[in-house]
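To keep things clear, I will list the structure first and then write my remarks on it.
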Amino acid sequence: MRMYDIIVKKRDGGELTKAEIDFFVEGYTKGDIPDYQASALTMAIYFQGMTQEETATLTQAMVDSGETIDLSAIEGHKVDKHSTGGVGDKVTFIVGPLVASVGVPVAKMSGRGLGHTGGTLDKLESVKDLEIEMTKEKFIENVNTHKLAVAGQTGNLAPADKKLYALRDVTGTVDSLPLIAGSIMSKKLASGADSIVLDVKTGSGAFMKTLEDSEALAREMVNIGNNLGRNTVAVISDMNQPLGFEVGNANEIKEAARILQGENVEDLRRLSLELASHMTVLAEVFNSYEEAYEALEANLENGKAFQSLRTLIESQGGDVSMIDDLDRLPKAAYEVEVNADQDGFVSAIDAESIGIAAMYLGAGRATKDDVINHGVGITLKKKIGDEVKAGEPLVVLLSDEKNPTASIDKVKESYTITNEKVEKPTLIHNIIK
Ligand code: URA
């Protein structure tokens, strides 16, 4: 088999066989196929697309290129949740304990953040002494005992994707639906869950800006999951503004803990219940979405979901007194208001700019080696649809600097205020099964 023939076949609109896709993925991972041929093929895929079968085959080949995590020692049906990335997205800290509170095992492997979106592990490490590095045996034992554990991703999962993604990034071939879907799903499938719920974000702060593109991506991913034997459901949720009111690390943990204690931050609580409902139905704990929603909502009110969070923190060595008394979590030195300079209604909040403003404060990493400051972040005071008067705060910056000008400018740039009344955006746009 020759790589040249595979490139030409795809360039001319042909459908690649499993043998051809495997030849490419194996050869490229090992270094036998050079970057210039791999880029020619990804560009041909960019223009010609892939059938559902080709996409599933490519994804499986990327899964098989490295280690896979075997969760079979965990009792029960394991459901994973994946978000395509958003600002203020602390849903994992709500959904994990919530799902665990009805007995569904949650074996969560997460990563760190880079750029404008924060990482699950970084946020969790706001809690003193919390350990996220653990042996596989300890991870499995924790999930079996407590139904919930969160650990740093170990192992060399989907190395073919790592290499291909880096290549796509510099060759203009990131924006290809089968390649994006295959890339995301290869990492999820290698992580070993039985079923998967995807939170596909849509809007200005999302990877996919339009509903149409987000739905198309969701469909591709659901097809891959289902074709490869994992029940997969996608929720298309809004990312035209940050989720909830807090963006940062410790402040996001605080907001999540409050939801678990029954507080109602509308969008955050609603989306968490939505995702958790689909997860627990896939795990066959409930027969219907409605039944699941009602039971999960009850566990937010009766303290069971919050108890699951406490157990998670305790079982991983974290200082649980910080969760019992949220004021003990890391705090910034200053609270700096950024005020509206006109009356009106908030019509847009650029989530990415808010994420960048938080990063400037030290809540995120501009480069891989940056150190996170857990106490800093941003508290939104106004969201889309809210009325605002000139001089009223739009956000409060939680800052260790007295006058964080770069963040102030970025926040000002991110808010749009209009004279006309504005509707609140729809939170959940569609469910794709
Ligand atoms: N995120 C991924 O992991 N892969 C892509 O191709 C795009 C976004």
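If you read the sequence from its start, that first residue is 1, and numbering goes on from there.
- When each of V395, V336, N339 is paired with I408, the side chain to side chain contact (heavy atoms under 4.5 Å, CB included) condition holds for V336 and for no other.
- Residue-environment remark: CD (Q342) exceeds the threshold of 12 foreign heavy atoms within 6.0 Å.
- Pairing each heavy atom of K389 with each of A340, the nearest pair is O-CB, 3.9 Å.
- Between the side chains of N299 and N302, at least one donor N or O lies within less than 3.5 Å of an accepting N or O.
- One finds a salt bridge joining K188 and D80 here, because a Lys/Arg side-chain nitrogen approaches an Asp/Glu carboxylate oxygen to under 4.0 Å.
- Counting heavy atoms of neighbouring residues, nucleotides and ligands inside a 6.0 Å radius, atom NZ of K209 exceeds 12 of them.
- Shown here for A218 and V200, the closest heavy-atom pair between the two residues is CB-CG2, 4.0 Å.
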Using the side chain to side chain contact (heavy atoms under 4.5 Å, CB included) rule, take Y165 and V174 through it: C-alpha gap first, then chi angles, then the decisive distance, then the call. CA-CA 7 Å; Y165 193 13; V174 165; 4.1 Å; yes
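- H278 is linked by a ring-ring contact (aromatic ring centres under 6.0 Å, His included) to Y289, counting only residues two or more places apart in sequence or in another chain.
- For residues 416-428, the pairs satisfying salt bridge (Lys or Arg N to Asp or Glu O under 4.0 Å) are D386-K424, with sequence neighbours left out.
- The closest donor-acceptor contact from the side chain of N419 to the backbone of G344 lies at 3.5 Å or more, if one exists at all.
- Residue pairs satisfying the salt bridge (Lys or Arg N to Asp or Glu O under 4.0 Å) criterion with at least one member in residues 355-375, sequence neighbours excluded, are listed as follows: D122-R365.
- Atom CD of E291 has more than 12 heavy atoms from other residues, nucleotides or ligands within 6.0 Å.
- Applying the salt bridge (Lys or Arg N to Asp or Glu O under 4.0 Å) test to residues at least two apart or on different chains, the pairs with a partner in residues 152-181 are D161-K187.
- Counting non-hydrogen atoms of other residues, nucleotides and ligands closer than 6.0 Å to CD of E53 gives a total of 12 or fewer.
- Within the structure, salt bridge (Lys or Arg N to Asp or Glu O under 4.0 Å) contacts touching residues 126-148 (residues at least two apart or in different chains) do not occur.
- Between E255 and the choices K90, R269, K123, the salt bridge (Lys or Arg N to Asp or Glu O under 4.0 Å) rule is met once, by K90.
- Between G76 and P105, the shortest heavy-atom distance links the atoms C-CG, 4.1 Å.
- Summarising the local packing, NZ of K412 is surrounded by 12 or fewer heavy atoms from other residues, nucleotides or ligands at distances under 6.0 Å.
- Under the salt bridge (Lys or Arg N to Asp or Glu O under 4.0 Å) criterion, E401 pairs with no residue at all, not counting sequence neighbours.
- More than 12 heavy atoms of other residues, nucleotides or ligands shown are found within 6.0 angstrom of CD on E314.
- Panel note: side chain R230, backbone A193; a donor-acceptor pair is recorded below 3.5 Å.
- No donor-acceptor distance shorter than 3.5 angstrom exists from the side chain of S72 to the backbone of D70, with no hydrogens or angles considered.
- Of the N and O atoms on the side chains of N249 and S126, not one donor lies less than 3.5 Å from an acceptor on the other residue.
- The two residues I378 and I354 come nearest to each other via the heavy atoms CD1-O, 3.6 Å.
- The number of heavy-atom neighbours closer than 6.0 Å to CD of E212, taken from other residues, nucleotides and ligands shown, is 12 or below.
- Within the cation-pi definition used here (under 6.0 Å to the ring centroid, within 45° of the axis), K201 does not qualify as a partner of F207.
- Counted by atom type alone, T202 and S214 present one or more donor-acceptor pairs between their side chains at under 3.5 Å.
- A donor-acceptor pair is defined here as one N or O able to donate and one able to accept, closer than 3.5 Å; no such pair exists between the side chain of D319 and the backbone of V127.
- Taking both residues in full, the closest heavy atoms of A149 and V143 are given as CB-CG2, 3.7 Å, listed atom of the first, atom of the second, then distance.
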